[in-house]
Amino acid sequence: MQSRKAPWLYLAPALVVLGGLLVYPVYQLGLISFFRYTQAQVSGGEPTTFEGFGNYAELLGDDRFWQVLLSTVVFAAACVASTLTVGCALAVLLTRVRALPRLVLMMAALGAWATPAVTGSTVWLLLFDPDFGPVNRVLGLGDHSWTYGRYSAFLLVLLEVVWCSFPFVMVTVYAGIRAVPGEVLEAAALDGASQWRIWRSVLAPMLRPILTVVTIQSVIWDFKVFTQIYVMTNGGGIAGQNLVLNVYAYQQAFASSQYSLGSAIGVVMLLILLAVTLGYLRLLRRQGEEL
Amino acid sequence: MKLSPRLPALLLAALVVTACAPRTSDNAASDKDEKSGTLRVWLFQEVGNKPKEKVVDSVVAAFEKAHEGTRVDVEYIPVDTRAQRVKAAFNDPKSAPDVMEYGNTDTAGYVKDGGLLDVTEEFGDWGEAKDTDPTARQSVTVDGRLYGAPLYVGVRALYYRTDVFGELGLKVPETMTELAATAREIRAAKPDLYGLVVGGAYTYGAMPFVWANGGELATGKGGSYASTIDSAAARKGIKAYTSLFGDDNCPAAKCAGMGGNDTVTAFAAGKAAMAIGGDFSHTAVEAGKVKGKYAVVPLPGVTPGSIAPAFAGGNNIGVLKGTSHRSLAVELMEQLASKRTQSELFDAMGFLPTFGDVRQQVAAREPFVKPFVRTLGAGTRFVPASPAWSRIDSSLVLPTMFQEVISGRKDVAAASKDAAAKMNDAFGSAG
């Protein structure tokens with residue numbers, strides 16, 4: 001009896017913290033999404049009414065939501081792929097260069113990582129400014145506006161997102177590579193494997209748990225990207241062309257004070273991310289890997 | 001320590017009951033009317049706030065002297081975060097002020113949120129109120145009831161560069177058509193200048209074009225507004241405004257994303273020959289490169305000599321519903337928005353008075369405000385007095401419409417139809 005209780009006892013502090021910080025807010029989010037809950041209800045100007053799935057019906061019946069969802073998914077996928085590619089490539093590079101360049105690269109990456117998103121976005125925007133930006137001057141583009149076209153605006157944001165999130169991937173993967181026993185790599189090299197082959201057949205499989213974690217992390221981060229879009233495209237771009245779900249939810253929930261509709265968007269995002277993560281984990285497990 | 005066995009059960013029951021619905025604060029009107037104690041006041045923190053504080057301090061000192069045992073506690077809240085502060089005040093009446101300044105487009109929303117006190121009777125009994133101009137009065141009115149006293153108004157007019165006009169031998173445009181033609185002429189002669197700098201996200205710079213052509217944002221009264229932004233007249237105005245975006249005046253790639261402040265900044269930096277700016281933009285323009293090289297006229301309308309109706313922005317002073325000092329708070333509101341205070345605030349801050357007679361007096365003192373006073377005199381417009389307006393505004397319905405047309409994604413008919421649908425949706429759900 002005692003032994004069955006013991007693990008729970010040890011887990012209790014963590015569970016209490018998790019319960020308070022995670023479960024309760026999610027519960028509130030879900031709860032609010034079933035009510036009509038705007039500023040008028042919060043401050044008591046009007047009674048709160050139960051709406052059932054009304055908010056969800058409104059959301060799912062809105063064409064705008066589906067467009068925003070689609071662009072969010074595509075944009076997040078592009079960000080994740082680019083971040084992982086850049087991060088992994090630079091991690092491999094880190095293991096190949098001498099101490100000084102390694103230190104420089106590491107510091108540069110950590111600098112990017114430590115920069116607050118608002119600052120980073122503002123600086124990027126200034127770099128690409130049509131009137132005062134150095135990029136246009138160097139490339140000889142005159143007063144070309146990067147934020148006017150939909151895809152060029154997304155590209156600009158993507159660059160910033162990759163810039164501020166590749167260091168996490170790089171550092172984590174670099175740590176993973178350092179943990180791979182040298183003999184294995186030596187053996188592969190002796191067998192005449194190319195660099196690419198070593199990465200694909202030796203390093204990547206050994207690093208899979210780490211890659212899994214950074215992939216899931218990146219998916220979650222990039223799906224929820226807010227600051228970069230909000231700052232760089234001025235709240236969603238020309239005619240809302242660069243809206244992503246999180247910015248859209250913010251517009252609905254806070255700017256328009258429709259907390260219940262915003263909550264419904266939050267719940268939908270949560271479900272999508274849960275589905276993606278669980279699906280990915282299941283796929284890995286089917287391949288015989290345990291995280 | 002021995003706990004009663006019923007206590008945990010009670011706690012649990014309480015938890016379940018309170019958890020059933022999201023939290024709502026009790027913001028019922030207070031029935032207390034204390035005649036002494038502390039009154040809390042929230043005013044906006046302006047850029048260069050000192051002169052405003054001085055005026056307010058003298059009003060407060062006189063008020064405290066007249067009412068023994070009363071203390072007035074004034075706090076200046078930053079304009080940027082006012083929305084959050086006001087929401088928080090409505091959510092927690094205990095930390096809310098008794099009297100507050102608020103932007104006049106927020107009136108209907110705040111009333112619906114249950115935050116503002118109906119002061120219709122007191123306003124009617126107030127001697128000075130008869131001189132309040134009709135648009136200012138409209139900006140505190142919801143469904144025929146009054147929810148505050150207007151503090152100042154702000155309108156926009158046409159700023160233009162006297163040196164550029166002189167050099168090119170141009171005369172000041174007298175109609176909207178001439179305005180567009182003059183803008184293109186300047187751009188053609190000086191390709192590094194915008195003729196008339198316009199912004200795709202500059203709603204209050206664009207609306208005069210719609211109003212001058214006979215269009216309206218919406219028609220109706222009270223909660224039952226219907227959007228008319230897709231009417232033929234409104235479309236004509238939208239077309240007139242959006243046609244100003246292009247390489248021959250203000251290139252779409254740069255101007256589509258601009259808001260009002262961006263256009264004023266461009267003008268102040270000497271990058272534009274004309275701009276639509278407010279009386280409140282005066283300081284910013286004076287601080288720029290163009291100081292001494294510009295003048296202001298009312299924005300021309302469709303027919304020669306007419307003035308395009310401007311949006312009457314500005315701020316009001318209201319009393320919060322939860323105040324426990326109803327009579328005192330209303331009196332303080334009247335003092336803060338009185339003719340004398342408004343006249344002093346004009347001298348200190350340049351805020352245009354909401355009383356017709358006071359406005360005439362200050363215009364005589366300070367010639368700069370004449371074009372703005374003339375614009376106000378020609379009749380101004382206001383946004384629909386519906387709580388839906390703040391939602392329409394914050395979900396960027398109108399900027400989206402203008403930007404869709406400017407970027408060529410939709411034609412005027414389709415974009416205005418979609419915008420009207422979104423507005424009606426907001427009006428409908430605001431009830």
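Throughout, a chain's letter reflects where its sequence line sits, starting with A, and its residues are numbered from 1.
Remark: side-chain polar atoms of B/Ser395 are not paired, donor with acceptor, to backbone N or O of B/Val397 under 3.5 angstrom.
Your options are A/Thr233, A/Asp143, A/Thr38, and the one with the most heavy-atom pairs under 4.5 Å with chain B is A/Asp143. Chain A forms more heavy-atom pairs under 4.5 Å with one residue of B/Ser390, B/Gly200, B/Ser407, B/Gly257 than with any other, namely B/Ser407. When each of B/Glu404, B/Lys254, B/Arg409, B/Lys87 is checked for heavy-atom pairs under 4.5 Å with chain A, B/Lys87 comes out on top.
The nearest pair of heavy atoms linking B/Pro97 to B/Trp42 is CG-CD2, 3.5 Å.
Heavy atoms closer than 4.5 Å to chain A are found in both the backbone and the side chain of B/Ala252. Only the side chain of B/Lys271 has a heavy atom closer than 4.5 Å to any heavy atom of chain A. Only the side chain of A/Tyr259 comes within less than 4.5 Å of a heavy atom in chain B; its backbone stays farther off.
Judged by distance alone, the side chains of B/Asp262 and B/Thr265 never bring a donor and an acceptor atom under 3.5 Å apart. Side-chain atoms of B/Ser416 and B/Asp230 form no donor-acceptor pair, as typed in the model, at a separation below 3.5 Å. Donor-acceptor pairing under 3.5 Å is lacking for the side chains of B/Thr107 and B/Tyr147.
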